[in-house]
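The structure appears right after this line, and notes come after that.
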Amino acid sequence: FAGAYLGGEALGLMWLLGDWIRSGFGSRPERLRELAHATQRRWLRMHWNTTRRIYGLDVRVERPDRLPRGPFVVLMRHTSLIDPLISGVFLGADYKLRLRYVLKRGLLLDPCLDVGGHWMPNHFIDRSGQNRRRELRALRALASDMEDDEGVLIYPEGTRFSETRRKQALERLAKEDRLLHGLALRCHHTLPPRAAGTLALLNAAPKADVIVVYHAGFLGLSSFRDLWDGALTGRTIHVRLHHHKRDALPLEPEARVRWLFDVWARIDAWVATRESRSEHTHPRASRPRTTGPHPSV
């Protein structure tokens, strides 16, 4: 897996170099953006197919045969290092949807993301919480000019799930908002969503439908050590894409927050019926992580 990952990074950088040359050495930004999107889809599919084969994954997908014209706001559960590949493959590559990502700045350590990620409209968010207002402005700008074949993806939970992070998030909500704390108590396999970033995207893209990405089978894979130890081997991965029409969403901000918590409760119930069957019996697969939560919009 390590060899495949490093080889994939080297190949991705070669593809990006070719994109830069074909765009007139970067002199035509729109052409460079178009080429980079195609390379992104190919790069993500390559990493996904390699991971699936190396670890012997059984992948089961529930999704619409086709999607209506966009744009879309994509909300995705987050549990591991691997699950971000799902959106790029099952939305970006299969539906030819050009995705804009809200990602943590730490991912800029990945060379392909650092290069290609800046050629496309993405936002690498500062999760320190020091300038929340600036980050929300950036999210609104990111979603404000999407075309019909585009979507913007955010992880409303803000970080990867662990039981420790769930307890800390519930403690925070108990102090800040008793109503949301009560809604969050329904979830045992997911973190309570942080609504501000999602609301900023929805407000900036008033015509965008919503796609919610469910997945199960990646629990306990939050570090490269877990992958190295083989905790992913032989798992069954479940993926579901659920489309919400925009006119079905409530208009009032408070009602939208409750809607988001209801969506996450449905994800949690869906995960509960699949996660136990998805996990391999590797001794590290369900070991809880003890790292604290990262502030997020």
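No hydrogens, no waters, no symmetry mates; every other heavy atom, side chains included, goes into these values. As the structure is a prediction and not an experimental result, all values here were calculated from the model.
If you check the side chains of His123 and Arg100, you find no donor sitting under 3.5 Å from an acceptor.
Closest approach of Tyr95 to Arg66, counting heavy atoms only: CE2-CA, 4.0 Å.
Annotation: side chain of Asn203 is in contact with side chain of Arg256 (closest heavy-atom distance under 4.5 Å). Side-chain contact between Arg98 and Arg33 is present, with at least one heavy-atom pair separated by less than 4.5 Å. In this structure, Ile154 and Leu75 have side chains that are in contact, with non-hydrogen atoms separated by less than 4.5 Å. Side-chain contact between Arg165 and Arg160 is present, with heavy atoms from C-beta onward closer than 4.5 Å. Contact check for His243 versus Leu241: no side-chain heavy atoms found under the 4.5 Å cut-off. Contact of the Tyr55 side chain with the Arg235 side chain is not registered, since no non-hydrogen atoms from C-beta on lie closer than 4.5 Å. The shortest side-chain heavy-atom distance between Tyr155 and Lys104 does not fall under the 4.5 Å cut-off.
In this structure a side-chain-to-backbone donor-acceptor pair under 3.5 Å is missing from Thr190 to Cys187. Side chain of Ser144 to backbone of Ala141: a donor-acceptor contact under 3.5 angstrom is found. Side-chain atoms of Asn122 come within 3.5 Å of backbone N or O of Gly117 as a donor-acceptor pair. Between the side chain of Asp209 and the backbone N or O of Arg246 there is at least one donor-acceptor pair closer than 3.5 Å.
Between Glu135 and Arg132 there is no salt bridge, since no side-chain N of the basic residue sits under 4.0 Å from a carboxylate O of the acidic one. Electrostatic pairing of Asp268 and Arg77 does not count as a salt bridge here, judged by no charged N lying under 4.0 Å from a carboxylate O. Salt-bridge annotation for Glu62 and Arg274: present, with a side-chain N of the basic residue lying under 4.0 Å from a carboxylate O of the acidic one.
For Trp259 and His244, the ring centers are positioned less than 6.0 Å apart.
Under the 30°/60° scheme for interplanar angles, the aromatic rings of His47 and Trp43 are found to stand perpendicular. Taking the six-membered ring where the residue is Trp, Phe25 and Trp20 present perpendicular rings, their angle passing 60° and hence far from 30°.
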